[in-house]
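Numbers here are sequence positions counted from 1. Just the heavy atoms: all of them, side chains too, but no hydrogens, waters or symmetry mates, feed the values below. All of these numbers come straight from a predicted model, not from anything done at the bench.
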Amino acid sequence: MGKIDLYLQSLGKAFSTTGEIAPWPIHVSIPSIYGSDVEAADLFSKMKKITQEDPSGKLLSKLMIAPSVAKALLMDLIVGLKVAKPKLNLEERVWFVEEYLNAIHYLQAGDIFCLNGSNRVLRPPAAQELFDQTPWIWKDDAGGRTSLIPSFYRVSAATKTLIWSLFFYGWDDVGYEIQGPYEVKRPDGRETNLVVADFFDLTPSPLWPNMMSFPINSIKFFALYPDEAEVKIDMFCHLTNRGRLPELVEGAYLEVNGLPLRQQDMIEKVVKVLLKQVSRQQKKIEQMSKKEIIVKYIESRYYAFRRWRLYFNEDWRPPKEVLERIDKWGIINIPPGKGPSWAELRKAFDPRTDYVPGPTES
């Protein structure tokens, strides 16, 4: 099976666990309607130059932020390829998608489509080394630190909420990656499964200037689970499992700004800082007009592809042509539950078809 068919299969698998798309703060499809053609044409021309400079795909991979967001952004980009001007033919669209997916191979170890239920960035020896070097807090720790583990989950949940308020629904993995599960061996010889939640961009100040002074740049949460937890991760960084993870966890580790966090009072302070910023972000978003939200959503896509433009010494922000369309075309609305079906999306996300779903207005 070719790369494109595997990509579509992995999308179908991920969508099956997504449920109804949350239209927060607006439907995820709306921003791309205004500019996917311009974005696709721009990135297509840049890929031509990049692959001429380095046909291997390594250079292209260095311009991608992380594997999961790269795959998520590709969906609307494929639609943009179909409506780009000058028009791109089938062979050009397929070439772009295959080169794009080839570059992602340099960012991951194993199946980049996560069809086996794992999203692995590290190869087995590196995962084991990470496990061996981590100062774990074990669930059965006789030193009494086990009580910290539930607090680690609170930090992780609060951080994910902040991520949502910064990047919105759809491609929130602009700022995080859920890796694993990695099969590793404990010192007693037993096997366990390592999962890493890496929140690597919590201060996207170019996108949100108010985040420049936020004191937390990154958070990493490591957890170990037995096989019976049946932890699986799809290409959208969705984690599914059997049972309650806080009860099944065997060991955990938390670091903030690259430093281990092992004091309860400091953990509580981190949670308060995160939730306070979430509240500020939500109030800020509530005060924004529909147009301002659409602009911010479009900016988040360009922020995610910023390295492509910066490599050519260009401004990474969306061009005026795209932003002016909001006034020219008016505010497009897609009511909850009124978006395209998966059957329609599958055709839309296949570069070998000419199908493009039309917006549903209200």
Side-chain angles (χ1 to χ4, degrees), residues 1-15 18 28-29 31-33 35-108 110-116 119 121 170-171 173-174 177 234-237 301-302 304-309 311-312 340 342-357:
M1 190 177 293
K3 290 187 180 73
I4 292 174
D5 288 312
L6 289 171
Y7 178 68
L8 294 171
Q9 184 179 342
S10 65
L11 283 180
K13 183 176 181 180
F15 272 115
T18 299
V28 66
S29 298
S32 296
I33 294 172
S36 64
D37 59 332
V38 176
E39 180 184 51
D42 177 41
L43 296 183
F44 180 85
S45 65
K46 285 179 168 53
M47 183 184 282
K48 280 283 189 180
K49 297 175 184 177
I50 294 166
T51 54
Q52 286 175 359
E53 185 174 342
D54 177 19
S56 73
K58 289 183 180 179
L59 173 57
L60 186 61
S61 72
K62 293 178 181 179
L63 303 182
M64 296 176 173
I65 294 173
S68 290
V69 67
K71 286 175 281 189
L73 291 167
L74 181 58
M75 292 185 290
D76 291 327
L77 196 52
I78 289 172
V79 177
L81 292 170
K82 298 179 182 183
V83 294
K85 295 178 182 178
K87 185 175 178 59
L88 300 174
N89 60 38
L90 184 149
E91 289 76 16
E92 290 173 317
R93 299 194 307 254
V94 169
W95 171 83
F96 181 94
V97 174
E98 289 185 340
E99 289 292 326
Y100 189 101
L101 293 173
N102 178 61
I104 295 175
H105 277 283
Y106 291 102
L107 302 178
Q108 290 195 261
D111 177 21
I112 71 168
F113 304 108
C114 308
L115 291 170
N116 59 359
N119 179 43
V121 176
W171 42 83
D173 42 10
V174 174
E177 185 86 20
D234 65 25
M235 68 174 295
F236 287 163
C237 277
R301 280 193 68 90
Y302 275 76
F305 280 117
R306 66 191 182 279
R307 293 178 184 173
W308 292 57
R309 278 110 188 172
Y311 183 77
F312 292 96
W342 165 240
E344 293 172 307
L345 289 175
R346 192 186 190 286
K347 290 189 294 182
F349 299 148
D350 187 339
R352 298 165 299 189
T353 77
D354 292 320
Y355 178 78
V356 176

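Residues passing the side chain to side chain donor-acceptor pair (under 3.5 Å) test with D37 are R325, sequence neighbours excluded. Residues meeting the side chain to side chain contact (heavy atoms under 4.5 Å, CB included) test with Q52, sequence neighbours left out: none. Scored by the side chain to side chain donor-acceptor pair (under 3.5 Å) test, Y106 finds no partners at all (sequence neighbours excluded). Evaluation of the side chain to side chain contact (heavy atoms under 4.5 Å, CB included) rule for Y355 yields E344, K347, A348, T353, P357 as partners, not counting sequence neighbours. Remark: S56 engages D54 in a side chain to side chain donor-acceptor pair (under 3.5 Å) (not counting sequence neighbours). Looking at residues two or more places apart in sequence or on another chain, you find a ring-ring contact (aromatic ring centres under 6.0 Å, His included) between F305 and W308. Partners of I4 according to the side chain to side chain contact (heavy atoms under 4.5 Å, CB included) rule, which considers only residues two or more places apart in sequence or in another chain, are L8, V94, V97, E98, D350, P351, R352. Take A41 and apply the side chain to side chain contact (heavy atoms under 4.5 Å, CB included) test, not counting sequence neighbours, and it matches A84. Applying the side chain to side chain donor-acceptor pair (under 3.5 Å) criterion to S61, with sequence neighbours excluded, gives no partner residue.
Comment: D42 engages R309 in a salt bridge, judged by a side-chain N to carboxylate O separation of less than 4.0 angstrom.
Listed by first then second residue, pairs satisfying salt bridge (charged side-chain N to carboxylate O under 4.0 Å, His left out) with a partner in residues 56-66 number zero, not counting sequence neighbours. Applying the side-chain hydrogen bond (donor to acceptor under 3.5 Å, both in side chains) test to residues at least two apart or on different chains, the pairs with a partner in residues 84-96 are R93-D354. Each ring-ring contact (aromatic ring centres under 6.0 Å, His included) pair with one or both residues in residues 75-94, not counting sequence neighbours, would appear here, but there are none.
Going from atom CE of M47 over to atom CG of L60 covers 5.0 Å, rounded to the nearest 0.5 Å. Of the inter-residue distances, the one linking I50 atom CD1 with L63 atom CG reads 5.0 Å to the nearest 0.5 angstrom. In this structure, F44 CZ and Y100 OH are separated by 15.0 Å, a value rounded to the nearest 0.5 Å. Between the CG atom in L11 and the CZ atom in R346 there is a gap of 9.0 Å [rounded to 0.5 Å]. Here CD1 of I104 is found 5.0 Å from CE of M64. Values are rounded to the nearest 0.5 Å. Rounded to the nearest 0.5 Å, atoms CZ (F96) and CG (L88) are 9.5 Å apart.
Closest non-hydrogen pair, V69 versus D173, comes out as CB-O, 3.3 Å. What you find for A66 and L107 is that their closest heavy atoms are C-CD1, 4.1 Å. Counting all heavy atoms, side chain and backbone alike, I65 lies closest to R307 at CA-NH1, 3.8 Å. When every heavy atom of K71 is checked against every heavy atom of N119, the shortest pair comes out as NZ-OD1, 4.2 Å. For the pair L73 and R301, the tightest heavy-atom approach, listed with the atom from each and the gap, is O-NH2, 3.1 Å. Closest non-hydrogen pair, G80 versus A40, comes out as C-CB, 3.4 Å.
Put simply, the side chain of I112 does not reach to within 4.5 Å of the side chain of L6, judged on heavy atoms. Between F113 and Q9 the shortest side-chain heavy-atom distance does not fall below 4.5 Å.
Because its NZ or CZ atom is both nearer than 6.0 Å to the ring centre of F312 and within 45° of the ring axis, K49 counts as a cation-pi partner of that residue.
For K13 (side chain) and L115 (main-chain N/O), a donor-acceptor pair under 3.5 Å exists by modelled atom type. Here the side chain of S36 pairs no donor or acceptor atom with the backbone of I33 at under 3.5 angstrom. At least one donor-acceptor pair under 3.5 Å links the side chain of S10 to the backbone N or O of Y7.
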